[in-house]
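Counting convention: from 1, in listed order, for ligands and their atoms alike.
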Amino acid sequence: MNLLITGGAGFIGSHVVRRFVTQYPEYNIINLDKLTYAGNLENIKDIDQSPNYTFVKGDIADLEQMRSVIKDYNVTGVIHLAAESHVDRSITDPLIFVRTNLIGTSNLLQACKEAWKDNWEGKLFYHVSTDEVYGSLPLDDSMFTENTAYDPRSPYSASKAGSDHMVRAFFHTYHMPVVISNCSNNYGPNHFPEKLIPLFINNIINKKPLPVYGSGENVRDWLYVEDHARAIDDIFHKGIHGETYNIGGHNEWSNIDLIKTLCAVMDSKLGREVGESEKLISYVTDRAGHDMRYAIDGGKLQDELGWTPSLQFEEGISKTIDWYLTNQDWLDNVTSGTYQEYYNKQYGK
Ligand code: NAD
Ligand code: TYD
C-alpha cells in the first residue's frame, strides 16, 4: 500500500498520519501538504524520521503536480484531508475555498482516475468531510443522518458539499472505489488557535477577551481528534465502497456552556480564583449566516463498523488543556508566525 494522505501537516491530518505511520509499518505513507498558514510540520516531528514516511510539499489545486505525485509514488490509496477549513475565513475569502476544496479535490480524483482506471482492484479514495454540509439544525433533538439532504450555508460548507458530490460522481460514473465520512467538530492537541477551543485556551492563558459570537446559544457536537483518526482507520479498512459514514461525539454543548466549562477548568489548572477567566467573556457581533446547531446520528458507524467515541468530554478537554499548557512554545510559534518562516526557508514559499 502506497498511501497518500493529504493535509497531514494540519490539525486532524497530523493525527491521522501519526496513526497510520505507527500502526501500519508495512504501508508507505506519503504526506502531501501545501503548508498554508494551517500546516505545521512540527505537528508530526515525532514521526518524520520513520522509514515508512515521506513528506511532499504540494498543492492539490495543481493538477500536473497531482498527476506526477500519484504516478511517481505509485499511489494505491488516498485519504484526502487537505482543505481550507475555517468558516470565518470562508466568509472573507470564499474563492480560496472553491480553489482548494472543490477544484483541488476534483484534481485529485482526476489524477487518481487516470492512474487507476485500467485496474480499480486494491485502490481506494477516502474523502474526509464535515457535518456542516447538512446545514443547520434547530434547538431540538433532531440529528443529521447519512440520508439528510445537503443544505450547506457557508462558503466553507458549500465548497465541502461540492467536493463530496464530485467524489460520489466519480464512484457512480467511473466506478472509482471511494468512501466518504462526515464528522462533527473536533478538538484536541495541534488545533490551530483560530478555532473556538484553542483560541479560547490561548486567550485565557494570556488573559485576553473571549469573543462569543451572538448569544452563545449555538450548539456543536465535539469529538476528540484521536477518536476521529480511529474512525478514519476503521472506515478506510472496513467501509463499503460508495458509502458515506457520519462520525459524531454524542457530545453536544452550547458555545456558552462550553466556554464557561473551559474557564472553570483552566482557573483550576492555572491556580486562578474561581470565576476569574469568565470575566474575559465578551459578546460580539454574530458570525454572518451562523449555523445554529449541528448534531450527528452515528448509528450507522456503530452498527456496521462497531465504532464509538472512546473519550468522555471531561477527560478529553482536560487532556487538551494540559497539552496546550505544556506546549506553549507551539502556541507561541503559531501565533507569532515563526513556524512559517522556518518552513518557507526549508521548502520555499
Ligand atoms: P486544518 O486547516 O487544520 O488543516 C488543513 C491542512 O491542509 C493544512 O495542513 C494545510 O496546509 C493543508 N492545505 C490547505 N490547502 C491545501 C492545498 N491547496 N494543497 C495541499 N494542502 C493544503 O484542517 P483540519 O481541521 O485538520 O481539517 C482537515 C479535514 O477535515 C478538512 O477536510 C476538514 O473539512 C475536515 N473536517 C474538519 C473538522 C474539524 O472540526 N476541524 C470536522 C470535520 C471535518
Ligand atoms: P469554530 O471553531 O470556528 O467551528 P465551526 O464554525 O466550524 O463549528 O466555531 C465553533 C463555534 O464557536 C461556532 O458556533 C462559532 C463559535 N465561535 C465564537 O463564538 N467565537 C469565536 O471566536 C470563534 C472562532 C467561534
To check your reading of the model: name the closest protein heavy atom to atom 4 (O) of ligand 2, its residue, and the distance in Å. Asn185 ND2, 3.4 Å
Is there a donor-acceptor contact under 3.5 Å from the side chain of Asp291 to the main chain of Arg293? no
What is the distance from atom OG1 of Thr173 to atom CZ of Arg168, rounded to the nearest 0.5 Å? 13.0 Å
To which protein heavy atom is atom 1 (P) of ligand 1 closest, and what is the distance rounded to 0.1 Å? Ser85 OG, 3.5 Å
N or O contact, Glu132 vs ligand 2, cut-off under 3.5 Å: yes
Considering heavy atoms of the protein only, find what lies nearest to atom 32 (O) of ligand 1 and give residue, atom and distance to 0.1 Å. Lys160 NZ, 2.6 Å
For atom 24 (C) of ligand 2, closest protein heavy-atom neighbour: Glu194 O, 3.3 Å
Can you name the nearest heavy-atom pair linking Asp267 to Gly275, along with the distance? OD2-N, 3.2 Å
For Cys183, the ligand 1 atoms whose distance to one of its heavy atoms is below 4.0 Å: 42 (C), 43 (C)
Write out the residue and atom name of the closest protein heavy atom to atom 34 (O) of ligand 1, then the distance separating them to 0.1 Å. Tyr156 OH, 2.7 Å
Ignoring hydrogens and angles, tell me if any N or O in the side chain of Lys207 forms a donor-acceptor pair with the backbone of Leu280 under 3.5 Å. no
Residue, atom and distance of the protein heavy atom nearest atom 9 (O) of ligand 1 read Asp33 OD2, 2.6 Å
Heavy atoms only: which of Phe192, Tyr187, Tyr213 is nearest to atom 18 (C) of ligand 2? Tyr213
Which residue and non-hydrogen atom of the protein lie closest to atom 6 (O) of ligand 2, and at what distance in Å? Arg287 NH1, 2.5 Å
So which protein heavy atom does atom 14 (O) of ligand 2 come closest to, and at what separation? His290 NE2, 2.7 Å
Looking at Tyr294, which atoms of ligand 2 are within less than 4.0 Å of one of its heavy atoms? 8 (O)
I need the atoms of ligand 1 closer than 4.0 Å to a non-hydrogen atom of Asp59, numbered in the order shown. 17 (C), 18 (N), 19 (N)
Say whether Trp222, considering both its backbone and side-chain N or O atoms, lies within less than 3.5 Å of an N or O atom on ligand 2. no
List the steps and the verdict of ring-ring contact (aromatic ring centres under 6.0 Å, His included) for Tyr150 and His165. CA-CA 10 Å; Tyr150 275 35; His165 290 319; 5.0 Å; yes
Do the ring centers of Phe192 and Tyr37 come within less than 6.0 Å of each other? yes
Just jot down the ligand 1 atoms closer than 4.0 angstrom to any heavy atom of Val128, in number order. 30 (O), 32 (O)
For Asn185, the ligand 1 atoms whose distance to one of its heavy atoms is below 4.0 Å: 40 (O)
Thr145 and Tyr134: side chain donor to acceptor below 3.5 Å: no
Sub-3.5 Å donor-acceptor pair from the side chain of Ser254 to the main-chain atoms of Asp257, do we have one? yes
Close-contact set for ligand 2 against His86 heavy atoms, below 4.0 Å: 3 (O)
Donor-acceptor contact present, side-chain Asn255 to main-chain Glu217, <3.5 Å: no
Would you confirm whether Asn251, through its side chain, and Phe313, through its main-chain N or O, come within 3.5 Å as a donor-acceptor pair? no
Judged by atom type as modelled, is there a donor-acceptor pair below 3.5 Å linking the side chain of Ser157 to the main-chain atoms of Ser154? yes
Leu199 heavy atoms, cut-off 4.0 Å: which ligand 2 atoms fall inside? 22 (O)
Do me a favour and list the nearest non-hydrogen protein atom to atom 16 (C) of ligand 1 with residue, atom name and distance? Lys34 CB, 3.7 Å
Numbering as shown, the atoms of ligand 1 that approach Ser129 to under 4.0 Å (heavy-atom distance): 43 (C), 44 (C)
I'd like the name of whichever of Ala83, Ser157, Gly39 reaches closest to atom 14 (C) of ligand 1 through any heavy atom. Ala83
Near-ring test Tyr187/Tyr224, centroid separation under 6.0 angstrom: yes
May I ask you to check whether Trp116 and Phe125 place their ring centres under 6.0 Å from each other? no
Near Val87, which atoms of ligand 2 are under 4.0 Å from a heavy atom of that residue? 6 (O), 7 (O)
Taking only heavy atoms of Lys195 into account, list the atoms of ligand 2 that are under 4.0 Å away from them. 2 (O)
So is Leu32 polar-close to ligand 1, meaning N/O to N/O under 3.5 Å? no
Return yes if some donor-acceptor pair links the side-chain N/O of Asp227 with the main-chain N/O of Ser310 below 3.5 Å, else return no. yes
Keeping the roles fixed (side chain from Ser136, backbone from Met292), state whether a donor-acceptor pair exists under 3.5 Å. yes
Ignoring hydrogens and geometry, is there a side-chain-to-backbone donor-acceptor pair from Asp59 to Lys34 under 3.5 Å? no
What is the closest protein heavy atom to atom 2 (O) of ligand 2, and at what distance does it sit? Leu196 N, 2.9 Å
For ligand 2, the portion of Asp291 having any non-hydrogen atom under 4.0 Å away: neither
Starting from atom 20 (N) of ligand 2, find the nearest protein heavy-atom neighbour and note its residue, name and distance. Pro211 O, 2.7 Å
Do the rings of Tyr24 and Tyr27 sit parallel, tilted or perpendicular, given the 30° and 60° boundaries? parallel
Check ligand 2 against Val212 and write out every atom of the ligand that is under 4.0 Å from a heavy-atom position of the residue. 19 (O)
List ligand 1 atoms under 4.0 Å from Gly58, heavy atoms only on the residue side. 19 (N), 20 (C)
Among the heavy atoms of Ala9, does any lie under 4.0 Å from an atom of ligand 1? yes
Would you say Glu84's side chain and Thr100's backbone share a donor-acceptor pair under 3.5 angstrom? no
Of the protein's non-hydrogen atoms, which lies at the shortest distance from atom 25 (O) of ligand 1, and what is that distance? Phe11 CD2, 3.8 Å
Is the closest heavy atom of Tyr156 to ligand 2 under 4.0 Å? no
Do me a favour and list the nearest non-hydrogen protein atom to atom 42 (C) of ligand 1 with residue, atom name and distance? Ser184 O, 3.3 Å
Do His191 and Tyr324 have ring centroids that are under 6.0 Å from one another? no
Under 4.0 Å to a heavy atom of Asn255 - the qualifying atoms of ligand 2, by number: 11 (C), 12 (O), 13 (C), 14 (O), 16 (C)
Using a distance-only test with no angle check, is there a side-chain donor-acceptor pair under 3.5 angstrom linking Asn28 and Asn52? no
Protein contact to atom 26 (O) of ligand 1 [nearest heavy atom, distance to 0.1 Å]: Ile12 N, 2.7 Å
Does the residue Leu81 have a heavy-atom contact with ligand 1, meaning some pair of atoms that are separated by less than 4.0 Å? yes
Report, in ascending order of atom number, the atoms of ligand 1 lying under 4.0 Å from any heavy atom of Asn186. 39 (C), 40 (O), 42 (C)
So is there a nitrogen or oxygen of His228 less than 3.5 Å from a nitrogen or oxygen in ligand 1? no
Asp286, Asp88, Asn218 screened by side-chain hydrogen bond (donor to acceptor under 3.5 Å, both in side chains) with Tyr213, the one that passes: Asp88
Contacting atoms of ligand 1, where contact means under 4.0 angstrom from a heavy atom of Leu35: 11 (O)
